[in-house]
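Everything below concerns the one structure shown next.
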Amino acid sequence: MKSPIRNRKYATEITADNEGEHVRIAGWVHEKRHLGGVFFLVVRDLGGFAQVTLHKGEVEKELFERVKKVPRESVVAIEGKVKSEKKAPNGYEIIPERMEVQSEASQVLPLDTTGKVGAELDTRLDARFMDLRTERTKHIFIIRSRVLKAIRDFLDERGFIETNTPKIVSAATEGGTALFPISYFEREAFLNQSPQLYKQMLMASGFDKVYEIAPIFRAEEHDTTKHLNEATSVDIEVAFVSDKEVMALLEELIAFVYTKVMDYPGLAKLNLKLDVPKTPFRRINYDEAIKLLSEAGEEIEWGEDLSTSAEHTLGDIISELYFITDWPCAIKPFYAQPGDVEAEGKRKDICNAFDLMHPKVELASGSQRVHSYELLKRNIESKGLSADGFEFYLDSFRYGMPPHAGWGLGVERLLMSMLGIDNIREVVLFPRDRRRLAP
Ligand code: AMO
């Protein structure tokens with residue numbers, strides 16, 4: 001990694017081999033220590049830490065006093081000579097000649113950035129700009145960026161077209177979760193829960209394989225460790241395939257993302273070692289899930305959705321990534337394709353829909369889609385919705401719509417499950433939840 005600023009070096013760009021060279025570093029005052037006649041200042045930058053050492057009597061008095069006084073977390077630029085020092089981070093220290101205080105920090109910091117004094121998540125989120133200065137939090141977001149890049153690389157490589165669909169919409173897609181209404185001039189509109197309708201409409205365009213990585217808005221009333229009101233979803237849609245093909249693509253993608261993250265050196269800061277999940281993932285159908293749950297003492301009837309407790313019970317039994325397939329149509333959205341009685345001998349009230357589960361949390365859901373205009377219209381109405389509100393969507397099924405399938409994968413759910421993090425808010429820069437609208 002190279003500093004983007006001319007003449008400035010990152011702490012990790014310097015080594016003991018640069019002994020005697022004149023360098024300029026810039027960053028935050030991480031720690032200050034006074035031992036006898038020697039003063040140590042640790043400067044932190046994106047790369048790591050540099051130790052600046054001042055021997056009383058050997059540096060100018062004025063500089064010595066200014067360094068001693070500069071408050072922790074101030075932004076400083078320091079010029080000086082490199083000296084090899086085995087006990088310092090990266091094996092060198094800097095003997096300063098000049099220090100410029102570019103921004104002095106107020107005393108009494110909202111958080112300790114050294115990791116020595118822990119803080120509640122709420123306190124950390126209130127001062128997120130500062131929490132991001134801690135090693136652990138910094139690495140979470142660098143990993144998040146790697147995950148997103150890996151997803152894009154994987155899909156681009158396979159000929160997917162990245163798209164952007166509207167987030168201000170007129171219709172709901174996911175029954176069960178509420179919408180956030182907004183005022184749109186003289187009409188009512190909503191924040192989109194999912195790009196579902198739009199990605200399906202793109203299947204009528206001939207684009208064949210599309211994806212989008214974008215926010216989804218869910219007006220979930222409850223305040224849990226796995227729900228956000230604004231989350232990020234990776235959505236794909238593929239024409240001329242069934243649920244089977246997109247499930248295979250999903251498991252390959254997850255394994256690929258793991259391989260791209262596992263060699264990241266910052267993982268050690270999270271005390272993590274990642275094992276790439278073996279593909280294909282285990283598949284159980286909904287009936288088997290209900291049977292396993294009943295045997296484990298969960299009270300659940302056929303046709304009910306899985307509660308969080310049921311998900312955890314199944315996770316304890318299966319303890320790896322797995323798919324639940326063949327869901328009752330009644331608990332899946334109107335766009336999920338019912339089973340094919342003739343070809344597959346499936347019941348008509350079972351849909352070609354699936355969820356991808358981590359033992360602790362659902363990661364993704366998807367399905368083969370209904371592509372018959374008549375069936376889709378009937379399904380919308382049978383869910384108690386008015387087909388009028390879906391006209392713009394239904395129209396795209398009337399003039400040549402190929403069979404298609406797709407899924408939506410929660411970026412935060414993937415990250416928290418990979419990194420063994422219990423609270424989803426940890427993996428969002430500025431989370432939006434039932435109580436939090438700032439920062
Ligand atoms: P679903 O509603 O299951 O499916 O959402 C897909 C995935 O998005 C993530 N997710 C959330 N993450 C955090 N907080 C939330 N409130 C939240 N809601 C959803 C989850 C979930 O598995 N249109 C379908 C997808 C499809 O069929 O293509 C859909 O939105 O990881």
Side-chain angles (χ1 to χ4, degrees), residues 147 151 163 165 167 169 171-180 191-203 209-239 241-243 245-247 249-250 253-254 257 305-306 308 311 321-325 327 329 331-337 351-358 360-371 379 383 393 404-418 421-428 431-434 436:
V147 165
I151 293 172
T163 59
T165 63
K167 303 302 151 212
V169 298
T173 57
E174 311 305 312
T177 51
L179 289 151
F180 282 113
L191 294 177
N192 207 9
Q193 294 172 311
S194 156
Q196 185 65 37
L197 305 185
Y198 293 93
K199 63 179 181 172
Q200 283 195 262
M201 286 161 70
L202 290 174
M203 293 297 95
K209 299 181 200 174
V210 299
Y211 77 94
E212 177 165 9
I213 302 179
I216 54 171
F217 302 93
R218 310 257 168 138
E220 317 260 7
E221 281 285 343
H222 42 268
D223 196 356
T224 78
T225 52
K226 61 175 189 179
H227 288 96
L228 293 162
N229 293 113
E230 177 175 348
T232 311
S233 169
V234 179
D235 274 90
I236 72 148
E237 205 62 31
V238 186
V241 301
S242 76
D243 47 327
E245 285 89 344
V246 292
M247 284 166 74
L249 193 82
L250 179 54
L253 168 72
I254 303 280
V257 170
D305 206 350
L306 304 190
T308 300
E311 284 180 6
L321 292 174
Y322 65 102
F323 283 108
I324 305 178
T325 63
W327 288 76
C329 293
I331 50 172
K332 282 291 171 188
F334 57 79
Y335 49 77
Q337 173 73 35
C351 277
N352 293 343
F354 58 87
D355 280 3
L356 173 64
M357 307 295 299
H358 177 273
K360 288 204 172 132
V361 71
E362 175 201 305
L363 297 184
S365 53
S367 59
Q368 184 184 342
R369 320 300 193 184
V370 173
H371 70 283
N379 271 4
K383 296 271 180 195
Y393 164 66
H404 57 281
W407 43 252
L409 163 70
V411 171
E412 291 83 11
R413 297 267 183 98
L414 174 61
L415 267 164
M416 70 190 285
S417 63
M418 281 178 87
I421 287 173
D422 291 330
N423 195 320
I424 195 163
R425 292 162 184 78
E426 292 246 20
V427 300
V428 188
R432 292 290 170 260
D433 64 23
R434 188 74 182 80
R436 189 173 284 281

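Side chains are part of it too, since the values below use all heavy atoms of this structure and drop only hydrogens, waters and symmetry mates. Remember, it's 1-based here, ligands and their atoms both numbered in the order they're listed.
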Residue part near ligand 1, for Ile424, under 4.0 Å between non-hydrogen atoms: side chain
Would Arg218 count as a contact of ligand 1 if the rule is a heavy atom under 4.0 Å away? yes
Can an N or O of Ile236 be found at a distance shorter than 3.5 Å from an N or O of ligand 1? no
Check contact between Leu356 and ligand 1, using heavy atoms of the residue and a distance below 4.0 angstrom. no
Salt bridge check, Arg434 against Glu221: does any charged N sit closer than 4.0 Å to a carboxylate O? yes
Apply side chain to side chain contact (heavy atoms under 4.5 Å, CB included) to residues Arg413 and Ile424 and explain how you reach the verdict. CA-CA 7 Å; Arg413 297 267 183 98; Ile424 195 163; 4.1 Å; yes
Could you verify whether a donor N or O on one side chain and an acceptor N or O on the other, from Ser367 and Gln337, lie under 3.5 Å apart? no
Is the closest heavy-atom distance from Lys226 to ligand 1 below 4.0 Å? yes
Less than 4.0 Å between a side-chain N and a carboxylate O, is that true for Asp223 and Arg425? yes
Indicate yes or no: does an N/O atom of Gln196 lie under 3.5 Å from an N/O atom of ligand 1? yes
If you compare Asp433, Ile216, Leu228 by their heavy atoms, the one closest to atom 16 (N) of ligand 1 turns out to be Leu228
Can you tell me if His358 has a non-hydrogen atom under 4.0 Å from ligand 1? no
Hey, could you give me the NE2/CZ distance between His227 and Arg218, rounded to the nearest 0.5 Å? 8.5 Å
Per-atom filter on ligand 1: closer than 4.0 angstrom to a heavy atom of Glu220 are 16 (N)
Polar atom proximity, Gly410 to ligand 1 (N or O, under 3.5 Å): yes
Between the candidates Gln200, Arg413, Glu237, which shows the shortest non-hydrogen contact distance to atom 12 (N) of ligand 1? Arg413
Kindly indicate, with the supporting measurements, whether the criterion side chain to side chain contact (heavy atoms under 4.5 Å, CB included) is fulfilled by Asp433 and Asn229. CA-CA 5 Å; Asp433 64 23; Asn229 293 113; 4.2 Å; yes
Establish, from distance only, whether the side-chain atoms of Gln200 and Tyr393 form a donor-acceptor pair under 3.5 Å. yes
Presence of salt bridge, Asp243 and Arg369, under 4.0 angstrom: no
Is there a polar contact, in the sense of an N or O pair closer than 3.5 Å, between Ser365 and ligand 1? yes
N/O separation below 3.5 Å, Arg369 to ligand 1: yes
Does a donor on one side chain and an acceptor on the other come within less than 3.5 Å for Glu245 and Ser242? yes
Electrostatic pair Glu220-Lys226, nearest N-O below 4.0 angstrom: no
Would you compute the distance between atom CZ of Phe354 and atom OG1 of Thr325 and round it to the nearest 0.5 angstrom? 10.0 Å
Could you tell me if any non-hydrogen atom of Lys199 lies under 4.0 Å from any atom of ligand 1? yes
Considering only heavy atoms of Gly408, which atoms of ligand 1 have at least one such atom less than 4.0 Å away? 6 (C), 7 (C), 25 (C), 26 (C), 28 (O)
Can you find a non-hydrogen atom of Ala364 under 4.0 Å from ligand 1? yes
Is the shortest N/O to N/O distance between Tyr335 and ligand 1 below 3.5 Å? yes
When you look for heavy atoms under 4.0 Å from ligand 1, do you find them on the side chain of Glu362, its backbone, both, or neither? both
